[in-house]
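All ligand and atom numbering here is 1-based and tracks the order in the structure. Along the sequence shown, residues carry numbers from 1. Since we're looking at a predicted model, the values are computed, not measured.
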Amino acid sequence: MPRPLCDSVYLYGQHDPGGERVMLDLDVPGWIVFTEALGFDPNNTQGRNYSQYSDKGLGVLVRLNAGYAGTGTLPFEQYYNDFARRCANFARASSGAHLWIVGNEPNHPIEWPGAAWDWSAQPPKPSSPDQRGEPITPERYARCYKLVRTAIKAATGHADDQVLVAGAATWNALLTYPGNTNGDWVQYFADILKAIGAVNCDGVTLHTYTHGADPALIRSEAKMAAPYQNRRFHFRAYQDFMAAIPQEMRGLPVYITETDQGDDPWRNANTGWIRQAYDEINAWNLANDQKIRSLVLYRWPNVASDRWGIEGKQGVIEDLRGALGLRYRWEIAKDPQKELEARLAQLEAQVKALQPEVDKVAVLAAAAAKLGATSVALGQGVKAVDPAALRERYTALAAAVTVLENQLPNLPTTGVPQPAMNDLRGTLPAGPGAYPTRPVKGITRVIVHHTATRGDITPQRLAEVQVQQGKPGTTYHFLINENGTIHWMQPLEVATTQTNRADANAGGIAVALAGNFTTAVPGDAQLNAAAQLVAWLLSQAGLKTTDVVGRRELENVASPGATWNTGPKYQDTLLAKAQAILDTSKDPYLVIQDLQQKLAACQKQLADLQAQMGPLQQQVQTLDATVKTQKVEIARLLDQLQGCAGGKVARPAIVDKVDTLDKHPTLPPYAERTKPISLLVVHHADTPRTTTVEQVAHYHVYGKRANASGQVIKAEWPGIGYHFVVAPDGVIYQGQREGTSSYHVGGEPNNYSLGVSLIGRFMVTDNSGKPQPAAVQIPTPEQLRSTAHLLAWLMQEYNVPLEQVKGHRDVWVGATSCPGETWKSGLRWYDMLVKEIQAVAQGNPARHMEHYLLFWDHGTDWAKTDWAGAQKYIAHFRPTTGFSTDDALLARHVTIVGGYAGVSGEDEVRLRAAGVDVYRLNGATEAETVAMLDALVAADTPWPGAPAQTARTDAPEPLIRGLTGETPIPDSSVGDIASPTDEWTVPDDAVPPPAAPTVEPGASVRIKVLVPPPTGPADQ
Ligand SMILES: [Zn+2]
C-alpha cells in the first residue's frame, strides 16, 4: 500500500526510472523523479499511470513541463492559464502520483519559451536578437505556479497534493533584472518564494552539485569570486538556498531533485561520493527543523545528448549500495513539545509577515475614512472601513500568540515534583540471579503493600530478609516508614516478584508501607509521604489514581492490610490525597493538549484575517480612488471660489503623506531649516508617469548610486527629498513639512527652499534614449494646473516673488537637467507654468482654448450628420472641435451641437459649473441644427453675443489640446518591475560641480554667493 502522498520515507532517489531495482533489492524504496512534457493544450486530458512504482513503496515526484528546449519549461506567459488546465488534466488522469514540480530551472535561458542560444559563446548569448526567449522572471514564475497549483488542487482527489516550486539553476547568472543585477540564483529563488507567499506554497525543490568527483567536495565551504563571494561553489550550495527560504516558509518540505558531480559525467568508481552526500543531508536533517526529504541522483538512464547517466557504471552503483545500507530516512522521530514549538514559531512568523499588510490597510483605511467625510458631505455615501476594529483583532491575535509562546518554556517536564527520598538503588543486599528488566513506559500500575513488620524497619533489614528467602533482591521498589521517610530500593526498570502473578509483576511498581494494617491504618506522616510518592509515580508514567491497587485486590493475600479496602478504607484517603496533588500540578499531557487547542483556534483566526485582507484592501483602494477624484473636484471648486472672491489664493487640496512615506530606519531625520523660505524649486521625478509618490520616497530613502569612477552620487537619505509631489492626475502630495530642510536641490539652498516635484520625465527621450512623444515631454494639463496653484499659494504664504520660482537646473547650472530639457527650451513648459501661476494669482484659472465646438459621441453612434453639417461653421470660425466634455472644460466658451440626447444635460451642467460659457445649438431636427449653424456663419458671430473677431484671432493652443486624454506611455524598461530601483534615473544627476556655479541673470544675490558643500545632497 503506498502512503497517501505516494512519497517515500527514505532520502534516496534516482532521476528517471530504470534503476529502482537497486533500491528495492536492499528494501529501501526511495524516490523516482519523472519528467513529463505536457504541452499546454487545455483540452488534452491524457495522464500517466505511476502505480507500478508507488505500489512498491517508491516515492513518485513528477516534474511538469510545457516542453523542452525552445518550447519552454513554462509556455509563453499568455498561455499560463492553458498550461495550468493541462497540468490539472494530467494530474486528474494520472494515478500513483501526488507530488508535482512546476517546471524546471526557470532562471536558465535554455528553459525559456522561444529561446535559442549560442552556448559556445562566452558568455552565452541568444543566437539572434529575437531568439532570447521570454525570460521567466520571478513574477512570471510565481504567477504560473499559483495558477497550476490552484488548478491541480481543484481536481478531484488532489486537494491535498503537494505542488512544488522548481529548483533554480544553481550558479547560473544569465537572468538579471532590477534588484538582482548580478543574476544571483539564490536571490532569484528567494524572490520567487516571496512572490508566491507562504499560504500559496506546498514545498520547494533544489538542485545542488559538486564541481568534480572528489568526495571531499561534499563538505567543501569554498566560495565563489565576487560578486558571488557569499555563494558556495560545491554541494553545500543547497545550504545557501535553505538559508534564503523566508521564515514563514520554514515549515515546508524541501526536496533535492538533482545532484551529481558537476559538469563531468559520473566517474565510474566507488569513491564514497554518494555515501558522503547522503551522510551530509542526514546530518542536516538531524540538526535542522526544516527537513530535506530527498536527495535524487541525476540521472539513472543513459539518454542521448545527456552525459550524466549512471546506468551501467558499476563503481557508482556500488557507492549507491553502500549508501542505501545506511537506510537514512527524512522522517525523524518527533518530540511533541518541540514540534509544537516549531509550529508556534511558524505561526508567529506568519503573523509577523502579515503585519505590514495590516498596517498598510489600517493606514489606507484611516486616510480614506478621513477623506470619506468629504465625500459624504458631497452626498455620495461611501462605505467606510473600520480600521480600529481590524487593528484590535490583529493585536489580540498577536497577543494570543505571545501568550502561547510564553507558556512553552515553562511547560513542566514532570507534573508533580519528585518527593525527597533516600536513593538506595544498587546498594542493598542482593542474592544470586537477577530480576528481569522492562522498559519504563511498560509500567501500567502502582501496587501498594504493607511489610507486616514494625513501622520503623530499615530497608537494609527488609532486603536482607527477602534475600534470605531466596530472592535476587528486595521485591519492593519503594519503602515508606511510619515517620514518612521514603526509600528508593529498586530501579523502576526491574520487574520484581512482588506478587504471584507474572502479569502484575511485569507492569507494577511496588510501594510498601512499613507496618501492619490488619486493624490499624497508617498515620498521617506515612500516608502523606505515600500520597506524594504515588502522585509523582502516576504523573511520571502517565497513569491515573484508578491505576493504584492494593496487592490484596490482585490475589488472595492480606497485604496491604484489611483496612486498605474494608472498614476505614485507607485506600480512599491515600488516593484522595494523591489526586489533590495531581490536580494542583497539571499533567503535562493536558497542558500540551490545551496548548494545541489554543493553537488551532489561533490558526483559524489567522486564516480568517488573511481571507479578509484581500477584499478589504480592494475596498480601500476603491475608496482611495473615489476620494482622490473628489479631491480634484474639490480643488476645482476651490479654484472657482477663489475666482469669485478675488485676491487671496486659497490653499489647494493637498494629500498629507508626511507621516506615511518611507523613512530611513537608522539615519537621523532631516534637520529643521535655519533660514526663511525664499526660493521655490521645481523638479521632475525623472520617472515614467505611472510612478507613485511612495516609489519616489522609497528610492530617496534606499537608493544608492555611484558614477563610473565609483564616486557616490546618491547615498541613502533620511526621507523623501521633496516637500511636494504633483502626480499626473493633478493630485498634490505633501512629502515633507515646509520647515524641514530636506535634500532636493543640493547644497545650502536646501536650507531656504521648498522642493516641488512633478512625476514624469520632461525630456525629449525616455530612459532608454528613445524619442518620447511630445505629449509626455511636458506635464499633463491637470498636473500643470495643480502645480501652478500650489506654487501660487506658496508664493503668497512665504512671500516669494515669481522670479524666485526656479527649475532645479536654474539653481545649479550645468549640474542637472532637472526638471527636464523642455523646461525652458523646446516645448518650454516653464512659460505655460508661469501663465497658469499668473492666472491663479489673479483669481482666474487659465483657460487654454477660446472656443470649443462640442459634438456628441456614443461609441459606434456619433454626431455624423451634425459633424458634416458643421463644416461651413468650422471653416469660418475655426473653433477647436471635438467630442470630449473633459477637453471642453478647458475652453472659455463651448458651443454644444445637438440636443440633450446627444451631449447630456449633466455634461452641460459640469461645463457651466466649471465656469465655461456654454451655448447649445438645439434644433428640433438635425437639419434644423445645421440651419442654425449656417445662420451664425451668416451673422459672422460664433454664438449669439460673442465679441467680434474673437473666434478668428485666438487660435487654440495645439499642444495642450493634443495632451488632453493622452494615455501615459509605460516605460518599457520598467513595465515589468514591481518596485522601482535606481535604474530608472538617468545620469543627468551628478552632484553640483566643485566650482562655484554660474547663476543665470536675475537670480537673487543670496544664491549667487553660495558655494555648495562637497556633500550637499541633491535629488536624483
Ligand atoms: Zn531636481
Side-chain angles (χ1 to χ4, degrees), residues 661 670 677 679-689 691 693 695-701 703-705 707 712-715 717-728 732-736 738 740-767 777-779 783-784 787 790-791 794 800 804-825 829-830 833 980 982-993 997-1000 1003 1007 1010 1012-1013 1015-1020:
L661 292 176
Y670 286 123
I677 293 163
L679 175 67
L680 304 179
V681 181
V682 178
H683 302 266
H684 68 163
D686 196 13
T687 65
R689 284 185 179 175
T691 298
V693 63
Q695 289 172 315
V696 172
H698 187 85
Y699 170 67
H700 279 190
V701 172
K704 278 190 291 198
R705 295 187 59 214
N707 63 14
V712 174
I713 55 176
K714 163 71 180 72
W717 289 357
I720 189 169
Y722 306 128
H723 297 86
F724 297 96
V725 174
V726 186
I732 303 169
Y733 299 95
Q734 182 150 19
Q736 294 291 353
E738 284 118 276
T740 302
S741 175
S742 53
Y743 303 161
H744 61 102
V745 63
E748 174 61 14
N750 284 339
N751 195 18
Y752 54 76
S753 65
L754 288 174
V756 174
S757 181
L758 286 72
I759 287 180
R761 173 182 161 90
F762 309 128
M763 308 282 282
V764 295
T765 56
D766 66 15
N767 289 329
Q777 290 181 21
I778 57 170
Q783 199 172 19
L784 203 63
T787 307
L790 174 66
L791 289 169
L794 292 170
V800 179
Q804 282 296 87
V805 175
K806 289 173 174 291
H808 188 179
R809 58 187 293 153
D810 303 334
V811 179
W812 299 124
V813 176
T816 175
S817 61
C818 174
E821 295 152 336
T822 57
W823 171 242
K824 284 183 177 172
S825 61
W829 63 276
Y830 171 74
L833 183 66
D982 45 2
E983 296 220 329
W984 41 255
T985 61
V986 289
D988 64 8
D989 51 5
V991 287
T998 54
V999 176
E1000 73 181 64
I1007 292 178
L1010 288 162
T1015 54
D1019 69 332
Q1020 27 79 28

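- A donor-acceptor contact closer than 3.5 angstrom links the side chains of Ser753 and His744.
- The atom of His683 nearest to the Zn ion (ligand 1) is ND1, with the search restricted to N, O or S atoms.
- The name of the N, O or S atom in His808 nearest to the Zn ion (ligand 1) is ND1.
- Ring pair Phe762/Trp823: centre-to-centre distance not below 6.0 Å.
- Within the 2.8 Å limit, Cys818 places at least one N, O or S atom next to the Zn ion (ligand 1).
- Annotation: side-chain contact (heavy atoms from CB on, under 4.5 Å) contacts of Ser741 (sequence neighbours excluded): Arg673, Asn750, Asn751.
- For Tyr670 and Tyr743, the gap between ring centers is short of 6.0 Å.
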